[in-house]
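Working notes, beginning with the structure itself.
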Amino acid sequence: MISRDGDNPPGRRTPQQEVARLAELRAVHEAFAWFRANSRELEDLQLELTAVPSPPWGEAARAEWLRGRFEELDLAEVQMDDLGNVFGVLPGSDPNAPLVALSAHLDTVFPAGTPIQVSREGGKLYGPGISDNGAGLVALLAIARVLKETGIEHATPVVFIGNVGEEGEGDLRGMRHIFEQPRWADAIRTMVVVDGAGTDTVICEALGSRRYEITVRGSGGHSWSDFGIPNPVVALARIIDRFTQTTVPTNPKTTYNIGTVEGGTSVNSIPQSATMRVDTRSASVEQLDRLERALREAVQDGTAATSGKKKNGLTAEVRVIGDRPAAELPSESRLLKMIRAVDAQLNNSARLQRASTDANIPLSLGREAIAIGAGGSGGGAHTVNEWYDAAGRDLGLKRILLLTLALSGVPEE
Ligand SMILES: [Zn+2]
């Protein structure tokens, strides 16, 4: 009979064999037990952090809160950058090795002043942002805590990051800024983004999106006495009509949406301006480029057709208000093999998915990155009735822990 070791000498294990070895370490068993024994404490932590408001562009209070927790955990290099991203490093046995990063976004979608009430009712936690991304932030703290307490030896350092600006018009500014700082950009080779609840997906393709605000302006006037002056609302209607005749492929799936239209002052005024906001999405950069060209052409043609040869002609402005790069994790990447192996080890089934997350940024820079959930379940995301159910959280935490150890590397005992 041929032994396993004979087939795969140390250091040459398959990802599946490596993950199986890690899952059997005594310290890993201790960590798993810690997740179960401290579920109530993790819920309390989640309620506490959700009660700290973190509106878009106003994450400072929650960032301070997280920095405090990182300091309590005695992580190294605890710091906040000028945008409010918070960092803490758990050194590995090989201090010069590239970093494995675990990140979770700090921001919520709720504007400043939204009343934040958190509660625990019938086994569920309630509060705006409790799951997205309270669950992710708690996962980071739980992983840091067990790695510290069990003293599992791992090779490459792990950096824990709470970042700003993930949601909506934050436009991934926090993650962009992290990869503009040499300390992090040069050292982070692999990034695992923890966002929301669940264990059933691996987001490994970055859905790209570009968003535009188009404003058409004119002199405006009185509906009766100035009749005939070019009307910005009419120009916008023409632009929309032209642009929406653009065809898009189903594969790669590519979409567009006219989200908002505004303009004019009263029923008897020729408007001075009209504005619309357009969202385009695709996994393909070429398709996003193509849609952008079509939109700019439609703006030019629709404006010119409305202005005609008249003086008091219209002007149009196209402003890019969002740009999230499209990218994809190569199927032969180590990260993808490792998360597949971890899921097999834990009997967890997860679908590969495409979405727009913080992982877009490292992926677009050629780093290995995925986004996964923190375990448990959640609902009502982006509403004040958001909830989180911690049943099954420990599966999510086991998954993140095994993945982190597999990526970092654990020396033979
Ligand atoms: Zn989120």
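Whatever order the structure lists ligands and atoms in, that order sets their numbers, starting from 1.
Take the N/O/S atoms of Asp195: the one nearest the Zn ion (ligand 1) is OD1. The atom of Asp132 that is an N, O or S and sits closest to the Zn ion (ligand 1) is OD1. No other N/O/S atom of His105 lies as close to the Zn ion (ligand 1) as NE2 does.
The ring pair (Phe, Tyr, Trp, His ring centres under 6.0 Å) search around Tyr256 returns Phe243, not counting sequence neighbours.
None of the N, O or S atoms belonging to Glu166 lies under 2.8 Å away from the Zn ion (ligand 1).
Using a 4.0 Å cut-off between charged nitrogen and carboxylate oxygen, Glu149 and Arg145 count as a salt-bridge pair.
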Margin query: Does Arg393 form a side-chain hydrogen bond (donor to acceptor under 3.5 Å, both in side chains) with Gln46? I'd like the steps, not just the answer.
Written below: CA-CA 12 Å; Arg393 183 192 328 248; Gln46 196 163 342; 2.8 Å; yes
Checklist line | Full working for side-chain hydrogen bond (donor to acceptor under 3.5 Å, both in side chains) between Glu48 and Trp65 | finding: CA-CA 10 Å; Glu48 185 184 325; Trp65 180 91; 2.8 Å; yes
